[in-house]
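This report concerns only the one structure given below.
We count residues from 1, following the sequence as given.
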Amino acid sequence: MRAPYAEQVTDDDMRAAALQYVRKISGFRAPAAHNAEAFGKAVDAVTEATRALLDQLEVRASLTGSRGG
């Protein structure tokens, strides 16, 4: 992966990123009461998708000094 790569991503990091994404896509910083459940479920779903992605990624060691060619 290209820098900046975080070796340790916490649950709080994933939740914060999910919240930022849902806010951006929905256009709402905080949902109205009648949309709060949908908003919360979306944040949960994005958090879980992020966790699944990070659990499945394979990060290989970089070949420092090797430029090929």
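Pairing each heavy atom of A36 with each of P31, the nearest pair is CA-CG, 3.8 Å. When all heavy atoms of V9 and M14 are compared, the pair lying nearest together is CG1-CG, 3.7 Å. When all heavy atoms of F28 and F39 are compared, the pair lying nearest together is O-CE1, 3.8 Å. Nearest heavy-atom pair across T47 and A18 is OG1-CB, 3.2 Å.
R23 is linked by a salt bridge (Lys or Arg N to Asp or Glu O under 4.0 Å) to nothing, counting only residues two or more places apart in sequence or in another chain. Considering only residues two or more places apart in sequence or on other chains, D55 meets the salt bridge (Lys or Arg N to Asp or Glu O under 4.0 Å) condition with none of them. Scored by the salt bridge (Lys or Arg N to Asp or Glu O under 4.0 Å) test, D13 finds no partners at all (sequence neighbours excluded). Applying the side chain to side chain contact (heavy atoms under 4.5 Å, CB included) test to Y21 and every residue at least two apart in sequence or in another chain returns I25, V46.
The list of side chain to side chain donor-acceptor pair (under 3.5 Å) pairs with a residue in residues 26-35, not counting sequence neighbours, is empty. Here salt bridge (Lys or Arg N to Asp or Glu O under 4.0 Å) pairs that include residues 37-52, with residues two or more places apart or in two chains, are D11-R51, R15-D44, E37-K41, E48-R51.
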